[in-house]
Structures are given as structure tokens and as C-alpha cells.
Amino acid sequence: MSSLKIYNSNSRKKELFTSLTPGYVGMYVCGPTVSGESHLGHARPYITFDVIFRYLKHLGYKVRYVRNITDAGHFEEEGREAEDKISKKAVIEKLEPMELVQKYTNLFHWAMEQFNTLRPTIEPTATGHIVEQIGMIEKLIGEGFAYEINGSVYFDVKKYAAQYDYGKLSGRVIDELLENTRELSGQEEKRNSADFALWKAAAPEHIMRWQSPWGVGFPGWHIECSAMATKYLGKQFDIHGGGMDLLFPHHESEIAQSTICNHETPVRYWIHNNMITIKGKKMGKSYNNVIPLTELFAGTHPLLEKAYHPMVVRFFILQTQYRSTLDFGNEALQAAEKGLKRLLEAYENFQKINGTNKVAQDEELNSKIIKLVGGLDDFMNDDFNTAKVLANLFEIVPVLNAIKDKTIAADALSIETFDLLKKKMKLFIEDILGLKNFTEANNKKLIGAMELLIEIRKEAKGKKDFFTSDKIRNQLNQLGIVLKDEKNGEMSWSIETT
RNA sequence: GGUCCUGUGGCCGAGUGGCUAGGCCGAGCUCUGCAAAAGCUCUUACAGCGGUUCGAAUCCGCUCGGGACCUCCA
């Protein structure tokens with residue numbers, strides 16, 4: 001079998017993955033800013049890294065997956081009146097900042113659960129790590145790479161760039177950054193416009209504020225991730241992930257801070273997921289095209305033709321390689337919904353069938369299946385290519401259905417292949433891709449009632465009483481329950497999604 | 001303006017220089033009391049121009065289009 005290769009944003013190449021400590025992986029992913037509701041765009045990194053988390057675990061690593069909650073507001077727009085995002089909205093909504101933060105944290109957790117993502121190992125909050133952040137800033141000042149002025153502290157990018165490669169990760173040229181002479185008010189404190197804030201003095205109206213050696217203020221944009229990653233993963237760790245839009249300045253600055261503070265390059269593999277677009281444009285507040293997750297699931301947003309189940313969204317995202325943009329559209333989502341249903345139905349039905357023969361009667365088919373199954377591991381190892389994994393799974397689906405319908409005899413495959421297939425299908429569909437049945441056909445009482453109806457319908461059909469049998473099927477259909485006659489005389493049913 | 005990415009069939013998308021992923025839609029067929037599902041088969045493709053090569057969707061150049069970052073942003 002192949003070994004895991006990861007595309008490292010820092011080297012712009014696929015690299016063979018080895019962990020720093022054999023058997024263990026430390027992974028940090030930039031989490032949500034809980035000053036507002038999460039939208040479809042946010043779903044991508046968390047689902048992407050959930051699959052990466054699951055896959056690393058499958059490979060046998062003990063993974064510490066740290067994903068922060070940014071609950072301390074940053075300033076709205078650098079240079080303008082420094083205004084804490086959270087405090088601003090709190091005033092509008094007449095809420096306590098922490099009440100607001102709690103509300104959106106809860107909502108985020110709810111959405112993540114809908115997506116069937118596993119909980120991170122540690123989910124630290126920025127406000128819970130003010131002490132660590134202050135400690136780090138003090139160190140940076142001590143090292144001579146940060147300076148205090150008027151109660152604010154800035155990182156000296158020019159000095160850093162003279163010794164280190166600032167801009168490597170994001171492909172930025174330092175001289176151009178330093179030349180950037182854009183006139184922005186509030187910048188005059190900085191030695192250079194490329195410098196970034198580590199600590200900002202808080203204006204009196206700021207509600208979120210903490211005491212620090214430099215006066216009352218709040219932490220800068222990037223320091224929280226550096227502080228928490230260092231605390232929980234060490235001075236150097238394996239994987240750091242996030243959206244591509246965080247490449248600069250966020251991750252670039254994280255590297256700078258941590259490098260000076262810890263005297264080590266912090267991250268070995270940088271992984272960045274691409275954006276979700278709508279009509280080719282990134283989903284973002286400034287474009288006015290965000291679809292909040294609650295509205296996506298409920299189908300209430302004007303851009304939506306219908307509601308989309310979280311599992312459909314998850315599948316939709318995994319059908320694309322994580323480094324490509326993914327264009328949202330109703331047609332595409334509906335295609336995903338149908339495809340996922342077909343995949344899961346075939347998968348679930350097949351789990352109930354057993355092989356019969358030791359030796360495969362159809363050697364060609366048997367080896368084709370083994371090859372398709374083997375490809376699954378290779379595709380995951382090739383920079384987590386879930387799109388190709390799904391393609392292979394879909395190539396297997398017709399075979400599974402044909403076996404169920406007995407168009408292909410069960411003994412076409414050997415028992416060994418049967419078991420391999422069952423095991424791997426479960427592994428990839430459920431454990432790694434994290435997909436699961438999303439219809440509501442799991443109520444015991446409903447199942448019992450359906451069994452009764454099916455029995456009555458079978459009797460009616462046996463007597464050629466098609467009036468009754470059609471009545472049962474048609475009425476159920478109106479309720480959104482689809483009854484299907486199987487080839488073997490059995491009947492199956494499923495609940496339509498709305 | 002600077003840096004970088006990208007342009008694949010009706011839609012979403014994968015793609016290693018040679019072997020036309022996959023999903024959805026469409027057409028036909030089979031099974032079936034009917035229906036649905038399922039299975040089988042088929043159609044539509046690599047933005048344009050030029051170059052490298054025995055051979056390019058895949059490499060290079062140019063043109064045109066789209067996007068991201070440079071400012072909070074997944």
C-alpha cells in the first residue's frame with residue numbers, strides 16, 4: 001500500500017507525511033469566530049479536517065486535534081477606529097458579550113454535530129488563554145521583535161524579515177509589504193505598515209478588556225493561535241490547517257511570532273482548504289452572498305430551492321478535492337442528494353447479504369472489485385482525495401445492487417472478497433468519510449407499522465387485489481414514504497427528503 | 001496595481017503526457033400487474049491560438065475569461 005502524502009502549502013509540493021513523534025500527530029485548525037452565525041463557507045474546513053482527523057486515526061495515529069474558539073473580538077478594520085467586533089454587535093443586540101459568544105458557540109457546536117464531525121480533542125477559547133498570550137507577547141518584547149507604544153504592542157516585521165523568510169508561506173514579497181504606503185489612520189503608531197498588533201490598548205467603550213503589563217487592552221489578531229498551539233501541541237507540531245484566506249496575514253504572522261518565541265519553526269505541514277463559491281464568487285460577508293447553516297438546513301434562504309440535509313452538504317463537499325474551489329448551486333446540491341442516497345442505500349442493503357462460495361465464480365469481477373477497494377486507500381493517501389474515493393465507491397455500487405437483485409449471483413465473488421468489501425465500505429463510508437443515513441426511517445414504531453402495511457400489501461398482491469395494493473403504495477407516497485417492489489417479491493421503503 | 005490560482009461535456013466535478021474518473025440530468029432497453037427502484041447501453045469535453053513531443057486536457061508561450069490574497073474573513 002502507498003503511504004500518506006500531504007500537499008504542504010509552505011513548500012507547494014506533496015510531501016511524504018511523517019509525524020514528529022512516531023505514533024502521534026498534533027494538528028491545529030483555526031476555529032470559528034463566534035461573533036456571528038456560521039455559514040456554508042465555514043462548513044468546508046471543519047468537514048475537510050474532520051476527514052483528515054478521522055483518516056489519521058484510521059492510520060493508527062493518536063491524534064491531538066486542537067481547534068480554537070475565537071471568542072475575543074478583534075478590531076473590525078485595521079487603522080480605522082479600533083472597535084471590538086463583539087462589543088459592537090453586543091451593543092446593537094443588547095446582549096452581554098459573553099452571552100453572544102455563548103449563543104454562537106452553541107449554534108456552531110450544533111451545526112458540527114449535524115455534519116457528523118468528531119469533536120476536536122481540545123477546543124480552547126481565546127478568552128481562556130489571555131495569560132498565555134500576554135506571556136508570549138512579553139517574550140517577543142524580550143527577544144527584541146516587538147515594541148510597545150501607547151499601551152499597544154506591535155510585532156516588528158521588518159526586523160523579523162531581515163533574518164527570516166517572512167512571506168514564504170503566502171508567497172509575499174517583504175519589500176512590497178514594507179513599501180505599502182497606504183495612508184490609514186491609526187497606523188502612525190507602527191514603525192512599519194507591515195507590522196501587526198500583538199496587543200491593543202482598549203478604548204473606554206470596549207467591553208472586552210483585560211489588564212496587561214501595557215495597560216488595559218485586548219489581544220491582537222494572530223497571537224491566540226500561536227499561544228494555544230504552543231501550549232497544547234508544543235513548540236513544533238505536525239499539521240496546521242485552515243482556509244486559504246487565512247494564509248496571509250494570519251498564518252504568516254503566526255509563523256513569525258512562534259518562530260521568535262520558541263526558536264523553532266512551528267509547523268511541519270500546512271494544509272489549506274479552498275473556498276466555497278457562489279456563481280464563482282467566494283462566499284463572504286463583503287459579497288453579501290452568505291448562506292447561514294441554519295437557513296441552509298431549513299431551506300429558508302432566498303438562494304435555495306429547498307432544504308439541504310447536513311449530510312448532503314457534507315457529501316457535496318467531499319465530492320471535490322479540498323484544494324479546489326467548490327461552486328455552490330441548487331442543481332449541484334440536488335445531484336449530491338440523489339447520489340448520496342443511492343450510495344447509502346446500496347451500501348446498507350449489501351451489509352445484509354453474505355457470500356456463499358469460497359472461490360469466486362467470476363474471477364474477472366472479483367479482481368475488479370479487489371482493485372477498486374484497494375484504490376480507496378491509495379486515494380486517501382494521495383492528499384486526501386475524497387473525490388476519487390467516492391468515484392470508486394460509486395463504481396462498486398452497481399455490482400452491489402446487482403447482487404442484491406440477483407442479476408449477479410452472490411457466488412460471483414468469493415467470501416473473502418465479500419467480507420473485504422463489507423469491511424472497507426463501512427470503513428470508508430462511515431468511519432473515514434463520516435457519512436450516515438439521513439432519512440428518518442429509524443423509528444421502531446414506524447418500522448413496525450411499515451412492516452404491517454407491507455404484509456397487507458403482499459397479501460393483496462397475492463390475490464391480485466391491485467386496488468388495495470396500489471392504495472397502500474399511493475397513500476404512503478403522499479405521506480412522503482416511497483414503497484418499492486423488489487425483484488424477489490420483497491418490498492422496501494424509504495422516506496423522501498423534503 | 002502587485003502576488004498567486006484557475007478555465008473540463010446541460011450542471012457539479014476527478015485527472016498521473018499515451019489507457020476518454022465519478023455524480024446528477026437526458027435517450028433507449030431489460031425486469032415489472034402498474035409504478036418506483038435497480039441493471040445494461042448511449043449522446044455531449046477538455047477557453048482560443050501557437051509551440052515542445054512519436055503522442056498533450058495534462059508541459060511551455062501568448063490572448064481572452066473567472067477567481068483568491070494584498071483589509072475582518074473558512
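Remember, predicted model here, so these are calculated numbers, not experimental data. All values below come from the heavy atoms of this structure, side chains included, with hydrogens, waters and symmetry mates left out. Letters A, B, ... are given to chains in the order of the sequence lines, protein chains preceding strands, and every chain is numbered from 1.
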Practice problem: Using the ring-ring contact (aromatic ring centres under 6.0 Å, His included) rule, pick out the option among A/F297, A/Y46, A/W110, A/F108 that qualifies with A/F115. | Solution: A/F297
Quiz item: What is the nucleic acid contact for A/D470, judged by heavy atoms within less than 4.0 Å: base, sugar-phosphate only, or nothing?
Solution: base
Practice problem: With sequence neighbours excluded, tell me which residues meet salt bridge (Lys or Arg N to Asp or Glu O under 4.0 Å) with A/D362. | Solution: none
Quiz prompt | Pairing residues for A/K368 by the side-chain contact (heavy atoms from CB on, under 4.5 Å) criterion, not counting sequence neighbours | solution = A/L372
Quiz item: Which listed nucleotide (B/C70, B/A74, B/G15) is nearest to the side chain of A/N273?
Solution: B/A74
Quiz item: With the sugar-phosphate defined as primed atoms, P, OP1 and OP2, and the base as all remaining atoms, what B/S/- string results for nucleotides 18-32 of chain B, 5' to 3', for protein heavy atoms under 4.0 Å?
Solution: ---BSBSS-----B-
Please tabulate the protein-to-nucleotide N/O contacts below 3.5 Å involving nucleotides 66-68 of chain B, giving atom names and distances.
| residue | atom | partner | partner atom | Å |
| --- | --- | --- | --- | --- |
| B/G67 | OP1 | A/K281 | NZ | 2.5 |
| B/A68 | OP1 | A/K282 | N | 3.4 |
| B/A68 | OP1 | A/Y287 | OH | 2.9 |

Quiz item: Is there a donor and acceptor pair closer than 3.5 Å between the side chain of A/R44 and the base of B/A74?
Solution: no
Self-check item: Among B/C34, B/A74, B/A14, the nucleotide that comes nearest once only the side chain of A/T320 is considered
Solution: B/A14
Quiz item: What is the ring orientation for A/H272 with A/H251, classed by angle as parallel under 30°, tilted 30 to 60°, or perpendicular over 60°?
Solution: tilted
Quiz item: Nearest of B/C70, B/A38, B/A74 to any side-chain atom of A/L246?
Solution: B/A74
Quiz item: Taking only residues two or more places apart in sequence or in another chain, which ones pass salt bridge (Lys or Arg N to Asp or Glu O under 4.0 Å) with A/E486?
Solution: A/K404
Quiz item: Where the side chain of A/F248 is defined as all heavy atoms beyond and including C-beta, which of B/A74, B/C70, B/A36 is the nearest nucleotide?
Solution: B/C70
Quiz item: What distance, rounded to whole Å, do you find between the two C1' atoms, one in B/G26 and one in B/C59?
Solution: 36 Å
Practice problem: Please state the C1' separation for the pair B/C70 and B/U16 - nearest whole angstrom. | Solution: 34 Å
Quiz item: Which whole number of Å gives the distance between the C1' atom of B/A57 and that of B/U20?
Solution: 10 Å
Practice problem: Just jot down the side-chain hydrogen bond (donor to acceptor under 3.5 Å, both in side chains) partners of A/E123, sequence neighbours excluded, or say none. | Solution: A/R67, A/H109
Exercise. Only pairs at least two apart or in different chains count here, so list each ring-ring contact (aromatic ring centres under 6.0 Å, His included) that has a residue in residues 328-353 of chain A.
Key: A/F350-A/F418
Practice problem: Using salt bridge (Lys or Arg N to Asp or Glu O under 4.0 Å) as the criterion, list what pairs up with A/D470, not counting sequence neighbours. | Solution: A/R473
Quiz item: Quick one: side-chain hydrogen bond (donor to acceptor under 3.5 Å, both in side chains) partners of A/N385, sequence neighbours excluded?
Solution: none
Practice problem: Determine the Euclidean distance between corresponding C1' atoms of B/C24 and B/U6; express it in Å to zero decimal places. | Solution: 24 Å
